[in-house]
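For reference, the structure discussed in these notes is given below.
Letters A, B, ... are given to chains in the order of the sequence lines, protein chains preceding strands, and every chain is numbered from 1. What you see below is based on every heavy atom in this structure, not just the backbone, and it leaves out hydrogens, waters and symmetry mates.
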There are 2 protein chains.
Amino acid sequence: MARPSTPKLSSELIAAAALKLVDKNGEFTIPQLAKALSVSASSLYNHVGGKDEIIELMRGQAMSRVQLPEAPGGHWRETLRLIAVSYFESYSRHPRLIPLFTSHTVRDRTTLRVYDALAQTLAGAGFDPAARLTAITIIDSFVLGSALDAAAPDEVWAADVDSSASFTEALEEGLGSAERAEQTFGQGLDIILAGLEARVSARG
Amino acid sequence: MARPSTPKLSSELIAAAALKLVDKNGEFTIPQLAKALSVSASSLYNHVGGKDEIIELMRGQAMSRVQLPEAPGGHWRETLRLIAVSYFESYSRHPRLIPLFTSHTVRDRTTLRVYDALAQTLAGAGFDPAARLTAITIIDSFVLGSALDAAAPDEVWAADVDSSASFTEALEEGLGSAERAEQTFGQGLDIILAGLEARVSARG
DNA sequence: ACCTGAACACCGTTCAAGT
DNA sequence: ACCTGAACACCGTTCAAGT
């Protein structure tokens with residue numbers, strides 16, 4: 001074997017294969033990944049720096065599907081909503097991926113692009129820099145938290161023998177469904193956007 | 001050596017030592033943990049089922065500090081606020097712990113107690129079961145997402161060369177500080193609680 | 001430049017042996 | 001009941017060797 005005339009690997013192929021493994025198993029190991037690509041483990045290191053870099057590449061691949069409205073036509077609140085929903089959906093398409101992200105600083109270009117779009121929309125709406133950072137942080141935290149909620153194993157909370165009726169009744173209401181997670185996200189987002197709007201308009 | 005007359009270990013001691021390691025290093029391994037406890041790795045298995053159980057124990061230890069107002073004296077909104085803030089602070093006290101939680105279903109009693117308190121407060125305020133679940137999910141998602149934001153490495157986002165001025169200006173505004181994360185959380189929480197209140201009172 | 005196989009240090013867990 | 005040390009299967013990464 002040794003070097004083939006046309007490379008068997010690329011960082012894109014590696015990230016895609018890793019994504020597939022994570023979607024299926026919730027995690028991936030280098031040997032698994034190598035096997036899925038019909039290659040020896042050490043080959044991977046010709047294309048990526050290590051496991052952490054593969055995770056960043058997966059983030060990029062997942063985030064590349066976020067839709068950013070280019071001509072911010074409508075109201076800024078509607079624009080923010082579109083971005084946030086698309087952002088949430090991109091996470092939700094690969095729910096099991098999210099836990100892998102949570103310990104890394106975002107350096108991926110595609111993801112930074114999303115923050116950028118949020119920042120510009122907010123600037124256009126009259127948010128000063130500090131208010132911008134606050135708003136982005138609130139939206140980002142809520143998107144991530146909601147995606148994690150959607151990601152969690154079928155039963156997020158395993159109610160206890162001595163949980164209150166108030167809690168168990170509520171739990172029974174929403175069994176199953178990624179749909180529920182998405183609906184709940186939408187409601188929370190609406191609340192947040194309305195609240196943000198009330199705060200800017202209050203100041204001028 | 002062999003069996004000492006008084007045990008050297010307990011699940012509490014193990015969880016506490018693991019928590020210390022995570023606070024310092026952001027992770028822990030069984031050999032590290034054994035060394036910190038001056039014990040051999042295999043000894044741990046006399047007290048805990050494995051690494052996953054140690055993580056659940058750490059969650060319990062972190063959550064045991066959440067303050068639940070027993071006599072819900074004031075307005076329900078204020079009660080919810082107290083619970084949520086205390087919940088957030090408990091996570092924030094051990095920020096590096098959070099990534100370890102994100103792939104496990106909550107089974108820990110202490111944590112379920114928090115959801116229970118939220119559910120009861122909401123029930124008292126007139127939220128029906130479905131609305132209760134929605135509200136709890138929104139609050140929980142926001143707490144978790146905000147705690148993750150606080151947890152992330154010093155610079156959550158590493159701005160790019162070609163990030164917009166709108167974004168980089170905003171970033172410069174809030175450099176450093178867990179304080180900032182806490183303030184932002186408080187603002188977001190206020191928005192969410194106000195929005196929830198508007199929704200119940202609208203229905204009656 | 002890009003693949004392989006051998007090698008290294010490390011991980012989580014099990015289990016027989018000891019008291 | 002509770003600790004130890006040896007053992008196992010597995011992990012991520014490096015590196016000389018091949019083309």
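- Within residues 35-55 of chain B, the residues that place at least one heavy atom under 4.0 Å from DNA chain D are, in residue-number order, V39(B), S40(B), S42(B), S43(B), N46(B), H47(B).
- In this structure, M58(B) and L97(B) approach most closely via the heavy-atom pair SD-CD1, 3.8 Å.
- Scanning both residues, R113(B) and V66(B), for their nearest heavy atoms gives NH2-O, 3.9 Å.
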Test side chain to side chain donor-acceptor pair (under 3.5 Å) applied to T134(A) and T137(A), step by step: CA-CA 5 Å; T134(A) 300; T137(A) 303; over 6 Å; no

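- For the pair R96(A) (side chain) and K24(A) (backbone), a donor-acceptor distance under 3.5 Å is present.
- Residue K8(B) has no polar side-chain atom (N or O) positioned under 4.0 Å from OP1 or OP2 of dA1(D).
- Remark: DNA chain D takes part in the stems C:4-8 with D:12-16, C:12-16 with D:4-8, each of 3 or more antiparallel Watson-Crick or G-U pairs, criterion distances under 3.5 Å.
- Taken residue by residue, residues 12-24 of chain B places no heavy atom nearer than 4.0 Å to DNA chain D.
- Side chain of S86(B) to main chain of L82(B): no donor-acceptor pair is present (N/O by atom type, distance under 3.5 Å, no hydrogens or angles).
- Atom CZ of R65(B) has 12 or fewer heavy atoms from other residues, nucleotides or ligands within 6.0 Å.
- Side-chain N or O atoms of D116(A) include one that pairs as donor or acceptor with a backbone N or O of S164(B) at under 3.5 Å.
- A 6.0 Å sphere centred on CZ of R109(A) holds no more than 12 heavy atoms belonging to other residues, nucleotides or ligands.
- H47(A) and E12(A) are not linked by any side-chain donor-acceptor pair at a separation below 3.5 angstrom, with hydrogens and angles left out of the test.
- Counting all heavy atoms, side chain and backbone alike, L196(B) lies closest to W76(B) at C-CH2, 4.5 Å.
- The separation between I30(B) atom CD1 and dC8(D) atom P is 20 Å, rounded to whole Å.
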